[in-house]
Protein chains: 2
Amino acid sequence: MVTGRNETRDRILQAASELAWETGPGNLSLDAVAAKAGVSKGGLLYHFPSKSRLLEATVETFVQEYDQTLKAREADRPPGSHAVAHAYLDLFVEQHVCKRPPSSGILAALAEDPSFLNPVRRYERELLDRIKADLGDPELAMILYCAISGLKSSDLLSLDVAKPDEIKSLIERLRALISQR
Amino acid sequence: MVTGRNETRDRILQAASELAWETGPGNLSLDAVAAKAGVSKGGLLYHFPSKSRLLEATVETFVQEYDQTLKAREADRPPGSHAVAHAYLDLFVEQHVCKRPPSSGILAALAEDPSFLNPVRRYERELLDRIKADLGDPELAMILYCAISGLKSSDLLSLDVAKPDEIKSLIERLRALISQR
DNA sequence: ATAGCTGTACCGTCTGGACGGTATTGTCAA
DNA sequence: TTGACAATACCGTCCAGACGGTACAGCTAT
């Protein structure tokens with residue numbers, strides 16, 4: 001199958017993400033990825049015939065996994081009560097604690113070629129529309145989406161600008177704004 | 001002096017920023033920068049003795065220029081009426097229209113080594129504090145800072161997720177929230 | 001027999017950076 | 001005034017190493 005879930009393949013993708021974080025997004029080499037994944041270079045190239053394909057797959061699986069988790073959190077929420085918006089906040093809080101951002105692999109893709117981010121572009125647009133539909137108030141949706149997006153990019157770039165308690169009270173205020181509707 | 005403004009030096013820095021945008025942040029080579037700046041490679045290395053120093057300088061001058069412009073916009077506003085917050089919005093709107101984000105050079109620095117973003121980290125933290133002090137309401141400051149930060153990162157990564165009119169009405173709503181205080 | 005690798009050898013290209021040279025301008029002692 | 005020297009700002013070349021990718025022979029579990 002095209003998007004086959006495969007043991008070794010997944011290990012390679014994870015190794016690529018971790019290495020992108022450790023060595024800097026632009027210094028990702030196939031040799032290093034293969035070594036970290038515990039696979040030979042030939043083995044790596046068996047799964048991903050070129051570096052571009054590896055980076056493409058990194059972005060795609062990241063988006064897919066994010067969406068899958070988001071929909072799971074959405075299902076945890078009682079339906080009809082702005083489940084999408086709350087799930088979006090839930091997922092941010094959940095992923096915020098990690099040392100290495102799960103999205104670090106996409107920086108490597110960006111470094112190689114910005115157009116590799118096209119799937120992210122499409123997905124984020126779709127996500128914003130879902131939040132808008134969920135909330136009813138398009139401007140509130142924008143505030144919520146953009147604010148979280150800002151926090152996520154701060155994590156992505158490891159800027160660490162906002163302190164934990166600042167983030168906590170921001171999230172609470174955003175939740176209040178949602179309920180208020 | 002240490003941070004000397006110099007004709008050729010500035011041309012090199014600008015060339016680096018533009019090339020980072022054109023060729024992808026990770027594909028920035030000294031040869032290409034030199035060629036674009038109309039200088040020989042030797043000449044480039046005279047001004048910046050290593051690639052790291054060039055990227056460092058790119059980040060530093062970006063932060064300096066941003067701060068300079070922000071303070072200029074702040075001075076345009078009547079003092080005492082949340083000048084910092086409004087200037088922050090003004091500057092975003094102003095820079096949003098450009099095709100190439102002025103910050104594109106910092107992606108090249110990030111690609112090489114994430115720690116090159118340390119000056120940005122420090123500056124952004126300081127900026128958030130200034131907005132907090134300016135607004136009085138810390139949570140509102142966070143909403144404003146994070147929302148704009150999200151829009152800026154979307155520009156930086158060329159994600160183009162929000163449409164112009166969405167951005168426009170978001171800005172207006174943020175301005176209303178400021179005045180409301 | 002085939003899928004899924006391992007391991008090695010290799011090639012062409014690109015790139016950072018070292019290095020030696022050059023032109024111009026300024027300084028300063030004799 | 002002039003000659004020696006030095007600092008600045010650059011040019012052009014060269015090289016070692018890294019990297020992406022190819023090729024191919026072999027192993028092994030299913």
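Within every chain, numbering begins at 1; the chains are lettered A, B, ... in the order of the sequence lines, protein sequences first and strands thereafter. Excluded from the calculations below are hydrogen atoms, water molecules and symmetry mates; all remaining heavy atoms, backbone and side chain alike, are included. Note that the structure is a prediction, hence the values are computed from the model and not measured.
Using a 30° and 60° split on the angle between ring planes, B:Tyr88 and B:Tyr145 fall in the parallel class, below 30°.
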For a side chain to side chain contact (heavy atoms under 4.5 Å, CB included) check, start with the C-alpha distance between A:Ile106 and B:Leu157, then their side-chain angles and the critical distance, and finish with the verdict. CA-CA 11 Å; A:Ile106 74 166; B:Leu157 307 180; 5.6 Å; no
Listing time: all N or O pairs from protein to nucleotides 26-29 of chain D that are below 3.5 Å?
none

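Using a 4.0 Å cut-off between charged side-chain N and carboxylate O, A:Asp129 and A:Arg125 make a salt bridge. Comment: B:Arg77 does not engage B:Asp134 in a salt bridge, judged by the lack of any side-chain N to carboxylate O separation of less than 4.0 angstrom. Between B:Arg173 and A:Asp137 there is a salt bridge, since at least one side-chain N of the basic residue sits less than 4.0 Å from a carboxylate O of the acidic one.
Atom pair A:Leu19:CG and D:dC19:P shows a separation of 11 Å (rounding to whole Å applied).
Side-chain atoms of A:Glu18 and A:Gln14 form a donor-acceptor pair, as typed in the model, at a separation below 3.5 Å.
B:Glu124 is linked by a salt bridge (charged side-chain N to carboxylate O under 4.0 Å, His left out) to nothing, counting only residues two or more places apart in sequence or in another chain.
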Given protein heavy atoms under 4.0 Å, the one-letter contact record of nucleotides 2-21 of chain C, with B base, S sugar-phosphate only and - none, is simply -SSSB--------SBB----
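Within a 6.0 Å radius of CZ in A:Arg53, no more than 12 heavy atoms belonging to other residues, nucleotides or ligands are found.
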